[in-house]
Visitor: 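Below is one structure. I have some questions about it.
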Amino acid sequence: MLKINAPNGEKRVLLHSCCAPCSAAIIECMLANNIRPTVFFFNPNIYPKEEYEHRKAEAVRFVESQGLDFVDADYDYQLWREAVKGLEDEPERGLRCSKCFLIRLNATAQYAVNQGFTVFATTLASSRWKSLEQVNKAGREAASRYENLTFWEQNWRKGGLQERRNALLKEHQFYNQRYCGCEFSLLSSRNPYKAQEP
């Protein structure tokens, strides 16, 4: 198992989770390194609502199996839709994604501060379809709004975690979505997931 240390040696971390497939190996790795994550599910970008509920249910199923706390943040797709207005035609990894990451990580940072966490991280950084640079920039910006709060910039794609992610996906028979979540990534002809569909 990959050896990791949270910033400042923290053993209690707020982990923003996008879905079970992206979260499982990260959670397992944290626990193996004596770091206890509280899982924060805030993803108002996911469309449609049925998709959101499906992803959330899978996340809850895994988190509860590990005996961890799961925070179900409010789902407000219209609020998210308004926030990305004008960015509908942006490609994947474009400005819409940067805005989306910041919306979600701002909410995570605020919850972290309100609940006494000093470190937060996100599973968004584990997806090969996402720009690690974009995710980390959003995390740093969200953390910068508060004193004594650090965004944990860990590359969750290395150290065998990507392979472990795939193994856990099969082991737990997770629902494995084919698009990042928002309606624009679902409909876009530039969606990299489309190439994988039968």
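Keep in mind the model is a prediction, meaning the values are calculated, not measured. The figures here come from the full heavy-atom set of this structure, side chains too, leaving out hydrogens, waters and symmetry mates.
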Visitor: Please report the closest heavy-atom contact between A83 and K99, naming both atoms and the distance.
Guide: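 Closest approach of A83 to K99: O-CE, 3.2 Å.
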Visitor: When Ile, Leu, Val, Met, Phe, Trp and Tyr are grouped by side-chain heavy atoms lying under 4.5 Å apart, directly or through other members, which residues fall in the same group as L87?
Guide: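 ILVMFWY cluster around L87 also holds L95.
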Visitor: Check this for me: E53, atom CD, are more than 12 non-hydrogen atoms of other residues, nucleotides or ligands nearer than 6.0 Å?
Guide: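 Above 12, so yes.
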Visitor: Can you list every salt bridge (Lys or Arg N to Asp or Glu O under 4.0 Å) pair that touches residues 20-36, not counting sequence neighbours?
Guide: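 The answer is E28-R164.
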Visitor: Taking salt bridge (Lys or Arg N to Asp or Glu O under 4.0 Å) as the cut-off, I'd like each qualifying pair that reaches into residues 76-85, sequence neighbours left out, listed once.
Guide: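 Pairs touching residues 76-85 that pass the test: R81-E88, R81-E183.
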Visitor: What pairs with N136 under side chain to side chain contact (heavy atoms under 4.5 Å, CB included), at least two apart in sequence or on another chain?
Guide: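 Partners of N136 under the side chain to side chain contact (heavy atoms under 4.5 Å, CB included) test: L132, R140, F151, E153.
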Visitor: Dump the intermediate steps for side-chain contact (heavy atoms from CB on, under 4.5 Å) on F42 and I103, then the final yes or no.
Guide: CA-CA 9 Å; F42 180 73; I103 291 166; 4.3 Å; yes
Visitor: Could you work out the complete set of other residues in the hydrophobic cluster of F101, with links drawn between I, L, V, M, F, W and Y side chains under 4.5 Å apart?
Guide: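 Besides F101, the cluster holds L124, V135.
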Visitor: Compare every heavy atom of L102 with every heavy atom of E141, then report the nearest pair and how far apart it is.
Guide: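 Residues E141 and L102, closest heavy atoms: OE2-CD2, 3.4 Å.
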Visitor: Does the side chain of T38 reach to within under 4.5 Å of the side chain of V13, using non-hydrogen atoms?
Guide: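 A side-chain contact under 4.5 Å is absent here.
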Visitor: Would you be so kind as to tabulate the donor-acceptor pairs closer than 3.5 Å made by side chains of residues 57-72, with sequence neighbours excluded?
Guide:
| from | atom 1 | to | atom 2 | distance (Å) |
| --- | --- | --- | --- | --- |
| E58 | OE1 | R61 | NE | 3.0 |
| E58 | OE1 | R61 | NH2 | 3.2 |
| E58 | OE2 | R61 | NH2 | 3.0 |
| E58 | OE2 | Y175 | N | 2.7 |
| R61 | NH1 | H172 | O | 3.2 |
| R61 | NH2 | H172 | O | 3.0 |
| S65 | OG | F62 | O | 2.6 |
| D72 | OD2 | K56 | NZ | 3.0 |

Visitor: Between Q177 and C19, which heavy-atom pair has the shortest distance, and what is it?
Guide: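 Minimum heavy-atom contact is NE2-SG, 2.9 Å.
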Visitor: May I ask you to decide whether E51 forms a salt bridge with R55, counting only side-chain N to carboxylate O separations under 4.0 Å?
Guide: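 Salt bridge between E51 and R55, a charged N being under 4.0 Å from a carboxylate O: yes.
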Visitor: Look at the rings of Y75 and Y77 and say which category their plane angle falls in: under 30° parallel, 30 to 60° tilted, over 60° perpendicular.
Guide: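 Rings of Y75 and Y77: parallel, under 30°.
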Visitor: Could you identify which residues cluster with L79, counting Ile, Leu, Val, Met, Phe, Trp and Tyr as linked when any side-chain heavy atoms lie under 4.5 Å apart, either directly or through a chain of such contacts?
Guide: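 Joined to L79, directly or through intermediates: none.
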Visitor: Compare every heavy atom of R93 with every heavy atom of C97, then report the nearest pair and how far apart it is.
Guide: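 C97 and R93 have their closest heavy atoms at SG-N, 3.3 Å.
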Visitor: Do L31 and M1 have side chains that get closer than 4.5 Å, going by heavy atoms?
Guide: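 The answer is no, as the side chains (C-beta and beyond) never meet within the 4.5 Å cut-off.
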Visitor: With N43, which residues qualify under side-chain hydrogen bond (donor to acceptor under 3.5 Å, both in side chains), at least two apart?
Guide: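 Here the qualifying residues are H16, R104.
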Visitor: Give a yes or no on this: more than 12 heavy atoms of other residues, nucleotides or ligands lie within 6.0 Å of atom CD of Q173.
Guide: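 No, CD of Q173 has 12 or fewer neighbouring heavy atoms, counting only those of other groups under 6.0 Å.
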Visitor: Measure centre to centre between the rings of Y52 and Y47, then say whether the value is under 6.0 Å.
Guide: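 No.
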Visitor: Quick one: side-chain hydrogen bond (donor to acceptor under 3.5 Å, both in side chains) partners of S23, sequence neighbours excluded?
Guide: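 Checked S23 against side-chain hydrogen bond (donor to acceptor under 3.5 Å, both in side chains); matches are S17.
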Visitor: If the condition is side-chain hydrogen bond (donor to acceptor under 3.5 Å, both in side chains), which residues does Y146 pass it with, not counting sequence neighbours?
Guide: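 Here no residue qualifies.
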Visitor: Report the residues that fulfil side-chain hydrogen bond (donor to acceptor under 3.5 Å, both in side chains) with S98, sequence neighbours left out, ordered by chain and then residue number.
Guide: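 With sequence neighbours excluded, S98 shows a side-chain hydrogen bond (donor to acceptor under 3.5 Å, both in side chains) to Q134, given in chain and number order.
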Visitor: Identify each donor-acceptor pair in which a side-chain atom of residues 111-121 lies under 3.5 Å from a protein atom, sequence neighbours left out, and give them as a table.
Guide:
| from | atom 1 | to | atom 2 | distance (Å) |
| --- | --- | --- | --- | --- |
| N114 | ND2 | Q110 | O | 3.3 |
| T118 | OG1 | E10 | OE1 | 3.0 |

